[in-house]
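Note sheet for the following structure.
All values derive from a computational prediction rather than experimental measurement.
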Amino acid sequence: MTGTAVTATEKEYSISLSTQTFTAGPYTFTVHNAGQTAHNLTIEGPGVDKQATSTIQPGQTANLTVTFQKGSYELWCSVDEHKDQGMDLHITVG
């Protein structure tokens, strides 16, 4: 399954997305680690139960495809304490 392409750029200690508006349906996140330490992207919300990329080394990229339903989702880095340091986003799917 492939979905609408979204680029997620991760670095110490933030996540930025190329898209800010989401509707129900499949999305493929291309996650680029622009930082100096390992990161990942974990997504949880309606129909998505903590799906995550592998741990991404600096300069590397990984993909994650999920299907969004209407509702609220959390996107975060689950490596070490990165979520608590600001690598945590909430999006609403309309």
For residues [X] and [Y]: do they belong to one hydrophobic cluster (side chain heavy atoms under 4.5 Å, members Ile, Leu, Val, Met, Phe, Trp, Tyr)?
{"X": "Phe29", "Y": "Val79", "value": "no"}
{"X": "Ile43", "Y": "Tyr13", "value": "yes"}
{"X": "Phe68", "Y": "Trp76", "value": "no"}

Considering all heavy atoms, the nearest [X]-[Y] contact:
{"X": "His32", "Y": "Thr61", "value": "ND1-OG1, 3.3 Å"}
{"X": "Ile56", "Y": "Asn33", "value": "O-ND2, 2.9 Å"}
{"X": "Pro58", "Y": "Gly35", "value": "CB-O, 3.4 Å"}

In chain order, what residues pass the side chain to side chain donor-acceptor pair (under 3.5 Å) check against [X], with sequence neighbours excluded?
{"X": "Thr30", "result": "Asn63"}
{"X": "Ser54", "result": "none"}
{"X": "Ser78", "result": "Asn40, Thr42"}

Summary of salt bridge (charged side-chain N to carboxylate O under 4.0 Å, His left out) pairs that have at least one residue in residues 46-73, sequence neighbours excluded: none

Pairs where residues 75-84 contributes a residue and the test salt bridge (charged side-chain N to carboxylate O under 4.0 Å, His left out) is met, not counting sequence neighbours: Glu74-Lys83

Leu41 side, atom CG; Leu64 side, atom CG - distance, nearest 0.5 Å: 6.0 Å

Set of side-chain contact (heavy atoms from CB on, under 4.5 Å) partners for [X], sequence neighbours left out:
{"X": "Pro46", "result": "Gln69, Tyr73"}
{"X": "Thr37", "result": "Glu12, His39, His82"}
{"X": "Ser16", "result": "Thr9"}

Between side-chain atoms of residues 18-26 and protein atoms elsewhere (two or more places apart, or another chain), which donor-acceptor pairs fall under 3.5 Å?
residue	atom	partner	partner atom	Å
Ser18	OG	Thr7	N	2.9
Gln20	NE2	Leu17	O	3.0

Qualifying ring pair (Phe, Tyr, Trp, His ring centres under 6.0 Å) pairs with a residue from residues 42-65, counting only residues at least two apart or across chains: none

